[in-house]
Asker: 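What follows is a structure written as C-alpha cells; I'll ask about it next.
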Amino acid sequence: MNGVSHAITYYHNFTPVGDVLVLGVCLVIIVLMQVAYIVRSKTFRTFQMMIFVLMLAAASDMGYHILLNKMTEVNVIFTYITRNLYHFLLFFDLFLYVVYAVEPLKLGSKSAKKYIIISASLLAVVTLYEIAGTMFGFGFHISEKGAVNEGINIFSVGYVAFVGLIFFLLFRYRDRVAKQILFGIIGTFSVSFLILSVQGLHGQTSFTVAAFLFPAITLFYLIHSNPYDLELGAVGEGAFDDLIKYLSNHKDEKRVFVSLYMRDLETTGKRYPAGIVDMIRSFAYSCFKGTTIFQLSNGRLVLAISPKKNPDYEKVLLQIDADIDRYYSTIEYDCKIVCLETRQEITKHNDYIRLLKFVEKTMPDNSVRFVSDKELDEFREMNYILVQLNEIARSEDLDDPRVEVFTQPVLNILTGKYDTAEALMRLSLPKTGRVMPYKFIPLAEENGFIHKLSLIILHKTCLAIKNMLDEGYYVQRISVNFAVKEVRDPNFIIDINKVIDDVGIPHEKIAIEITESQNEQDFNKVKDTIDMLRESGIRFYLDDFGTGYSNFERILELPFDIIKFDRSLVIASGEDKKSEKMITYLARMFSAMDYSVLYEGVETDEDEEKCKKMSANYLQGFKYSKPVPIDELVYWFEKTA
C-alpha cells in the first residue's frame with residue numbers, strides 16, 4: 001500500500017446519476033413531508049430516519065468512488081472509511097425496516113425485542129466482517145500497486161439475509177397487515193432485488209442506493225400519504241383517525257376541534273358551493289396557524305386547531321358565535337358548529353364523531369355550541385350504556401340480569417279485573433344503576449342491538465307467565481313491544497316461536513305491540529308476519545295510535561286485535577267537545593269492526609270515566625299502577641277458582 005503514490009483510474013462501471021437521483025427524490029419527499037398532512041408517529045419518525053440514512057448512503061457512495069478514482073497514498077484510508085460507511089448505512093436502512101415493522105405488526109414487547117436483536121446482530125456481523133476483511137485482506141482491499149480486490153462479497157449475503165428476515169416477518173404476521181400494503185411492500189422489495197441482480201450481472205453499482213429507496217417510497221405512498229381535497233384542502237377520515245391515535249399516545253399534545261355540520265349537504269350529497277369553500281379556507285388558514293381540515297363526511301368538516309400555536313383561539317371562536325348570522329347569510333345552508341377540546345379518555349375517532357352528533361341533537365340550526373362538562377358526562381354515560389348493550393347482544397344470554405322486565409297492569413273493563421299487562425324494558429347496569437328506556441332504546445335501535453333486547457324481554461316475560469300459570473293465576477296475555485324493523489326481519493317468526501316454545505307456554509298468552517308505519521315495504525312484510533304468527537295464537541296490538549302516520553286503509557288491512565289509543569288522544573278529548581266526539585267515533589268504529597280499544601295514559605278518575613264513555617275495552621295508566629317488576633304482577637292478577 002505504501003507504493004501507492006500516483007492517481008489511478010478506476011471507474012468500476014459507476015456513474016453518479018443513480019445517487020444524484022436518490023438525493024433529488026429524497027429532497028422531494030422531505031418537501032412533501034413538510035406540506036402534507038402526516039401524523040408524527042413513532043413509525044413516521046423511523047421513516048424519516050430511513051430517508052436521512054439513504055441520503056447519507058448516496059453521498060458516501062459518490063465520495064467513495066471519487067476517492068477511488070483519485071487514489072493516492074494519503075486518501076486510501078478515506079476510501080476504506082467511505083466504502084465501509086456506505087455499506088453500513090445501507091444495512092442500517094434495512095435494520096430500520098425491521099424496527100419500522102414492529103409497531104404496525106403489533107408483535108408485543110417480547111417478540112419485537114427478539115426481532116430487533118436479530119436484525120441488530122446481523123447488522124453488527126456484516127459490518128464487522130467488512131471491516132475485518134479490509135484489515136486482514138480477505139475482503140475489500142487495495143493492493144500496494146493500486147489494484148482493487150473485492151474479496152468475499154459479504155454485502156450480497158447480508159442483503160439477502162435482511163430481506164429474508166423482512167419477508168419472514170411479513171408472511172409470519174400477514175393477518176395483521178392489509179393485503180394491499182403487504183403485496184405493495186413485497187412487490188417493491190422484489191423489484192429492488194431484481195434491479196440489484198441485473199446490475200450485478202453487468203458489473204454495475206450505480207443504482208444500488210436507488211434500489212434501497214424504492215421500498216421507502218412505497219411506505220410513504222401507502223401508509224403516510226394523506227391526499228388533500230383539491231378544493232377544500234381537507235384530508236379524510238383516515239387521517240383524523242391517525243391524529244386521534246397520535247394524541248392518545250402523546251398526552252401533552254392537545255387539539256381544539258371545530259366541527260361544521262351542514263345537514264342539507266349530508267343528505268343530498270351535493271358538492272360544496274364556491275362561497276362555502278372560500279369561507280372555510282379563509283377561516284381555517286387566516287384565523288389560525290397550522291390548522292388541518294378533515295372532511296369526515298359529505299356534510300361534516302372538522303378543523304383541528306393547536307392551542308400552542310393559537311393561544312387566542314377562544315376569542316376567535318367566540319367571534320364566530322357572535323357572527324353566526326352573517327356566516328349563515330354567506331353559506332345559505334343551515335349549519336351547526338360544535339367546539340370541543342380533546343380529552344385523554346377519548347381514544348377513538350368514532351367516539352369524537354358520536355360526541356359531536358350527541359351534542360348536535362339538542363342544538364338549533366345556525367348556532368355555535370361549546371361542549372360543556374355536563375354534556376361530556378352525559379356522553380360518557382351514553383358510551384358506557386353502548387358498551388353494555390354491545391356486551392349484552394354478544395353474550396347470547398336470554399337470562400342476562402342487566403335486562404329487567406317491568407310491567408304495567410291493564411284493567412279489563414268487561415270483567416273489572418287485571419288479567420293483561422304490558423311488558424316494559426329497563427336496564428340495570430353496574431355503574432349507573434337503573435337506566436330508563438329513553439336513554440338506551442334509541443342507542444339500541446341505532447346500533448342494531450334492539451332485537452336481542454326484545455328477545456330477552458320476551459323470554460323473561462314467558463318465564464314469568466309460566467310461573468304465574470303454575471301457581472294458579474289467570475293470565476289472559478302480556479304484551480311485548482317490538483320495533484317494525486324487527487318484524488320485517490326474515491327470522492322474526494322463527495325467533496319468536498323458539499323463545500315461546502322453549503319456555504313452554506301457550507302462544508295465546510303473548511301479544512306483540514308494534515307501531516304504525518308509512519313505509520309500503522314495511523306494510524307488506526308486517527302483514528305477512530302478523531298473519532303467520534296469529535295462526536299460532538299470538539295477538540297483535542297497534543301501539544301509539546294517534547301519534548304517527550295514520551293511514552286507516554292500511555291499518556284496517558292489518559289483522560290487529562287491539563288498538564292502543566295514545567295518551568295524547570285522552571288529553572285532546574278533554575280539551576273540547578269536538579275532539580271528544582271525534583275520538584269517540586274512532587273508538588266506536590274500531591269496536592264495530594271487532595277491534596278492542598285500549599286507552600293508555602289514564603291518570604285520573606276523570607280520565608277513566610271519559611275513556612269508558614269513548615268505547616274503552618281496556619285501560620292502562622298511572623291511575624292503576626306505575627310500571628313494576630314483573631314478579632309483582634301477582635298483586636294485581638287473581639287466581640282461578
Side-chain angles (χ1 to χ4, degrees), residues 297 345-362 377-407 422-464 478-500 502-503 510-517 519 521-522 525-526 529 533 541 543-544 548 627 629-630:
S297 65
E345 69 270 22
I346 305 179
T347 58
K348 296 180 180 179
H349 80 286
N350 283 332
D351 287 340
Y352 276 106
I353 296 174
R354 277 200 294 268
L355 174 57
L356 293 172
K357 292 179 178 179
F358 176 79
V359 174
E360 288 164 356
K361 282 183 179 179
T362 58
D377 289 339
E378 292 172 349
F379 174 73
R380 292 187 189 102
E381 182 185 15
M382 183 201 74
N383 248 6
Y384 171 70
I385 293 171
L386 192 58
V387 169
Q388 293 291 306
L389 289 173
N390 183 48
E391 289 181 5
I392 292 169
R394 291 165 62 94
S395 71
E396 300 291 333
D397 180 11
L398 294 180
D399 293 304
D400 196 307
R402 290 171 289 185
V403 184
E404 296 182 332
V405 184
F406 275 57
T407 53
E422 178 184 3
L424 302 167
M425 191 184 303
R426 301 286 188 269
L427 289 183
S428 181
L429 305 179
K431 290 184 180 179
T432 59
R434 184 156 292 131
V435 184
M436 300 304 288
Y438 75 90
K439 285 189 175 181
F440 70 85
I441 286 182
L443 284 176
E445 290 179 340
E446 291 170 9
N447 294 276
F449 304 138
I450 190 64
H451 187 53
K452 177 57 66 177
L453 296 179
S454 299
L455 291 180
I456 293 174
I457 294 297
L458 176 61
H459 170 74
K460 292 188 174 185
T461 300
C462 290
L463 289 176
I478 297 179
S479 63
V480 179
N481 289 274
F482 285 88
V484 172
K485 63 181 180 181
E486 294 181 77
V487 182
R488 288 202 319 261
D489 190 284
N491 294 318
F492 182 76
I493 295 174
I494 297 173
D495 292 343
I496 300 301
N497 286 330
K498 184 178 188 309
V499 171
I500 298 174
D502 285 350
V503 175
I510 290 294
I512 291 176
E513 295 194 24
I514 58 175
T515 54
E516 51 191 317
S517 172
N519 189 294
Q521 183 184 25
D522 287 349
K525 290 186 176 181
V526 168
T529 299
L533 285 175
Y541 292 17
D543 194 16
D544 297 331
I630 195 168

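Keep in mind it's a predicted model, so treat the numbers as computed, not measured.
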Asker: Just how far is it from atom CG of Leu455 to atom CG of Leu398, taken to the nearest 0.5 Å?
Answerer: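 That separation rounds to 6.5 Å.
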
Asker: According to the side-chain hydrogen bond (donor to acceptor under 3.5 Å, both in side chains) rule, which pairs have a member within residues 448-458, sequence neighbours left out?
Answerer: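 Every pair satisfying side-chain hydrogen bond (donor to acceptor under 3.5 Å, both in side chains) with a residue in residues 448-458: Glu396-Lys452, His451-Glu486, His451-Asp495, Ser454-Glu486.
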
Asker: Using side-chain heavy atoms (C-beta onward) and a distance below 4.5 Å, is Arg426 in contact with Pro629?
Answerer: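 Answer no - side chains too far apart.
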
Asker: Closer than 3.5 angstrom, by distance alone: can the side chain of Tyr541 be matched with the main-chain N or O of Ser479 as a donor-acceptor pair?
Answerer: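 Pair absent, no side-chain N/O of Tyr541 close to backbone of Ser479.
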
Asker: Under the ring pair (Phe, Tyr, Trp, His ring centres under 6.0 Å) test, which residues partner Phe492, sequence neighbours left out?
Answerer: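 Partners of Phe492 by the ring pair (Phe, Tyr, Trp, His ring centres under 6.0 Å) criterion, ordered by chain and then number, come out as Phe482.
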
Asker: Between Val405 and Thr461, what is the shortest heavy-atom contact and its length?
Answerer: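 Distance-wise, the nearest heavy atoms are CG1-OG1, 3.8 Å.
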
Asker: Within the distance-only criterion (no hydrogens, no angle test), does the side chain of Lys460 pair as donor or acceptor with the backbone N or O of Val403 below 3.5 angstrom?
Answerer: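 At least one qualifying donor-acceptor pair exists.
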
Asker: Could you please spell out the steps behind the side-chain contact (heavy atoms from CB on, under 4.5 Å) verdict for Asp399 and Leu463?
Answerer: CA-CA 10 Å; Asp399 293 304; Leu463 289 176; 3.7 Å; yes

Asker: List the steps, then state whether side-chain contact (heavy atoms from CB on, under 4.5 Å) holds for Val435 with Gln388.
Answerer: CA-CA 11 Å; Val435 184; Gln388 293 291 306; over 6 Å; no

Asker: State the CD-CD1 distance between Glu404 and Ile457, to the nearest 0.5 angstrom.
Answerer: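 Nearest 0.5 Å value for the CD-CD1 distance: 9.0 Å.
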
Asker: Could you tell me which non-hydrogen atom of Tyr384 sits nearest to which non-hydrogen atom of Lys431, and how far apart they are?
Answerer: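 Taking every non-hydrogen atom into account, OH-N, 3.1 Å.
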
Asker: Minimum heavy-atom separation for Leu453 to Ala444, with atom names?
Answerer: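 Distance-wise, the nearest heavy atoms are CD1-CB, 3.7 Å.
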
Asker: How long is the straight-line distance from CD1 of Ile630 back to CG of Leu424, given to the nearest 0.5 Å?
Answerer: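 Atom-to-atom, Leu424:CG and Ile630:CD1 are 9.5 Å apart.
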
Asker: Restricting to ring pair (Phe, Tyr, Trp, His ring centres under 6.0 Å), what partner residues turn up for Phe406, sequence neighbours left out?
Answerer: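 Once residues adjacent in sequence are excluded, Phe406 has no partner under the ring pair (Phe, Tyr, Trp, His ring centres under 6.0 Å) criterion.
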
Asker: Taking salt bridge (charged side-chain N to carboxylate O under 4.0 Å, His left out) as the definition, give me every residue that meets it alongside Asp489, ordered by chain and number, with sequence neighbours left out.
Answerer: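 In terms of salt bridge (charged side-chain N to carboxylate O under 4.0 Å, His left out), with neighbours along the sequence ignored, Asp489 is linked to no residue.
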
Asker: Got a second to check how far Asn497's CG is from Leu533's CG, nearest 0.5 Å?
Answerer: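 Interatomic distance, Asn497 CG to Leu533 CG, rounded to 0.5 Å: 5.5 Å.
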
Asker: Where do Lys485 and Ile450 come nearest, in terms of heavy atoms and distance?
Answerer: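 For Lys485 versus Ile450, the nearest heavy atoms are CE-CG2, 4.1 Å.
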
Asker: Working to the nearest 0.5 Å, report the span between NE2 of His349 and CZ of Arg354.
Answerer: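 Reported to 0.5 Å precision, the distance equals 9.5 Å.
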
Asker: Could you pull out the closest heavy-atom pair between Ile456 and Asp397, with the gap in Å?
Answerer: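 Minimum heavy-atom contact is CD1-O, 3.7 Å.
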
Asker: Side chains of Ile385 and Leu389: closer than 4.5 Å at any heavy-atom pair?
Answerer: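 Answer yes - side chains close enough.
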
Asker: Does Lys361 come within less than 4.0 Å of Glu378, counting only side-chain N to carboxylate O?
Answerer: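 Salt bridge between Lys361 and Glu378, a charged N being under 4.0 Å from a carboxylate O: no.
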
Asker: Could you tell me which residues satisfy salt bridge (charged side-chain N to carboxylate O under 4.0 Å, His left out) with Glu445, sequence neighbours excluded, listed by chain and number?
Answerer: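 With neighbours one apart ignored, the set is empty.
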
Asker: Rounded at 0.5 Å granularity, tell me how far CZ in Phe379 sits from CG in Leu386.
Answerer: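 One finds 9.0 Å between CZ of Phe379 and CG of Leu386.
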
Asker: For the side chain of Asp400 and the backbone of Arg402, is there at least one donor-acceptor N/O pair under 3.5 Å apart?
Answerer: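 Yes: the side chain of Asp400 pairs with the backbone of Arg402.
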
Asker: Over all heavy atoms of both residues, which pair between Arg488 and Lys525 is shortest? Give the atoms and the distance, please.
Answerer: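 Looks like O-CD, 4.0 Å.
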
Asker: Taking side chain as C-beta onward, heavy atoms only, is Ile496 less than 4.5 Å from Ile510?
Answerer: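 Answer no - side chains too far apart.
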
Asker: So, do Glu422 and Asn481 sit near enough that their side-chain heavy atoms are less than 4.5 Å apart?
Answerer: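 Glu422 reaches Asn481 side chain to side chain.
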
Asker: Tell me every residue that passes salt bridge (charged side-chain N to carboxylate O under 4.0 Å, His left out) with Lys357, counting only those two or more places apart in sequence or in another chain.
Answerer: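 Counting only residues at least two positions away or on another chain, Lys357 forms no salt bridge (charged side-chain N to carboxylate O under 4.0 Å, His left out).
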
Asker: Less than 4.5 Å apart, side chain to side chain, heavy atoms only: is that true for Thr432 and Lys439?
Answerer: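 No; the side chains remain at least 4.5 Å from each other.
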
Asker: Are the side chains of Asn383 and Ile346 in contact, using a 4.5 Å heavy-atom criterion?
Answerer: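 They are not in side-chain contact.
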
